[in-house]
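Have a look at the structure below, then the notes.
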Amino acid sequence: MQRKGEFALLSVIYCTLALLYLKSNYLHFETPSPCGCGHCIQERNDSWFSDRFNSSYHPIMSTNSSVLSKNTEKWWKNVQRSRTEGNYSEVVEKLFQLIPDQEYYRDRSPHRCRVCSVVGNSGNLKNSHYGLLIDASDLVLRINKGPTKGFEKNVGSKTTHRIIYPESAVDVDNSTHLVLFPFKTLDLEWLISVFTTHHITKTYTRVMSTIKADVNMVMVVNPTFMNYVHYVWLKKHGGYPSTGFMTVVLALHICDQVRVFGFGADRHGNWDHYFEKTPQNYKTGRHGGSFEYNTIKELNDRNIIEMYRGW
Ligand code: C5P
């Protein structure tokens with residue numbers, strides 16, 4: 001009886017040692033990295049970040065994700081009221097007969113390493129010499145009218161995505177995605193119009209009635225995503241988020257590593273631009289300029305993004 005007990009005990013000890021040996025030498029139970037870069041945004045173990053980042057929000061709209069909740073609809077329709085716009089769902093239906101109805105950027109995998117640069121238009125890009133660094137990224141997202149021609153040394157020349165709204169639109173070449181942030185239904189109608197009838201020439205100001213861009217590369221940001229940025233990221237600071245700030249959050253959702261350039265007002269709170277010789281006195285208007293800037297800085301300080309502030 002005693003011998004049997006000793007045998008059982010020895011067997012347990014032997015099996016445990018064998019398992020420990022196998023585990024340390026051959027079995028690796030590590031969870032695979034969510035992306036193929038050295039470090040990935042999605043694996044950040046940071047409670048401040050996980051309180052804000054919610055991967056269930058997809059930035060780019062498709063037919064499947066176009067329906068707005070009552071709350072989102074209420075917020076969005078108050079951002080920029082317009083008296084001349086059509087029915088949202090009818091306009092969306094028409095829109096996706098024109099532009100691709102695709103589920104973009106749902107391709108995250110342990111083999112993907114997508115490095116993105118978001119280039120804002122701040123005057124802090126002057127003499128920055130960031131051009132080569134920006135162009136070395138897989139995706140380069142530029143905002144509104146921010147030009148590259150003549151500014152290559154500081155801002156680079158590659159543009160994979162041009163982020164606009166009707167009143168800030170520019171022509172793009174056929175290697176660039178035109179990405180619309182719609183602030184009202186009329187903006188979606190404008191997008192249809194620039195590729196078809198060209199009849200919309202005015203919103204609250206004059207807008208381009210035609211645009212040079214490949215219609216098959218056009219994307220529209222989902223108002224639900226914009227609402228998420230306003231409530232979750234900006235905690236309702238400002239009337240609604242700036243296009244630049246929303247682009248930073250968009251990049252967090254579609255990229256594995258994010259670099260941010262050209263953000264930050266001057267010391268008087270003016271949104272100066274790298275392409276203006278004499279800074280204009282643009283204020284941050286309805287946007288929560290300093291809250292946005294501090295949030296981007298926080299992302300940098302927590303090593304979630306890399307923020308380049310110029311010199
Ligand atoms: O001036 P504009 O709106 O075209 O600039 C694009 C974006 O760059 C803004 O939406 C803002 O987020 C950012 N910006 C900034 N500081 C500046 C100028 C622009 O953060 N001085």
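Remember, it's 1-based here, ligands and their atoms both numbered in the order they're listed.
- Annotation: side chain of Asp171 is in contact with side chain of Met208 (closest heavy-atom distance under 4.5 Å).
- When ring centroids are compared, Trp76 and Phe183 stay outside the 6.0 Å threshold.
- The side chain of Asn144, and not its backbone, has at least one atom closer than 4.0 Å to an atom of ligand 1 (non-hydrogen atoms only; side chain from C-beta on).
- Applying the 4.0 Å criterion to heavy atoms of Phe263 picks out, from ligand 1, the atoms 12 (O), 13 (C), 15 (C), 20 (O).
- Considering backbone and side-chain atoms alike, Gly120 places every N or O at 3.5 Å or more from each N or O of ligand 1.
- Contacts of Phe245 with ligand 1, taken as heavy-atom pairs under 4.0 Å, involve the backbone alone.
- For Phe263 and Tyr293, the distance between ring centers is not under 6.0 angstrom.
- Between the side chains of Thr63 and Ser66, no donor-acceptor pair is found at a separation under 3.5 Å.
- Interface atoms of ligand 1 facing His273, defined by a heavy-atom separation under 4.0 Å, are 1 (O), 2 (P).
- The residue Lys145 has no part lying near ligand 1, judged by heavy-atom distances below 4.0 Å.
- Looking at Ser168, Ser242, Ser122 and measuring to atom 12 (O) of ligand 1, the nearest heavy atom belongs to Ser242.
- A ring pair (Phe, Tyr, Trp, His ring centres under 6.0 Å) with His253 is found for exactly one of Tyr105, Tyr57, Tyr104, Phe225, namely Phe225.
- Heavy-atom neighbours of Gln102 CD from other residues, nucleotides or ligands within 6.0 Å: above the threshold of 12.
- Between Gly244 and ligand 1, at least one pair of N/O atoms sits closer than 3.5 Å.
- With a heavy-atom cut-off of 4.0 Å, Asp272 touches ligand 1 through backbone and side chain alike.
- Looking at Arg302 and Glu298, a side-chain N of the basic residue comes within less than 4.0 Å of a carboxylate O on the acidic one, giving a salt bridge.
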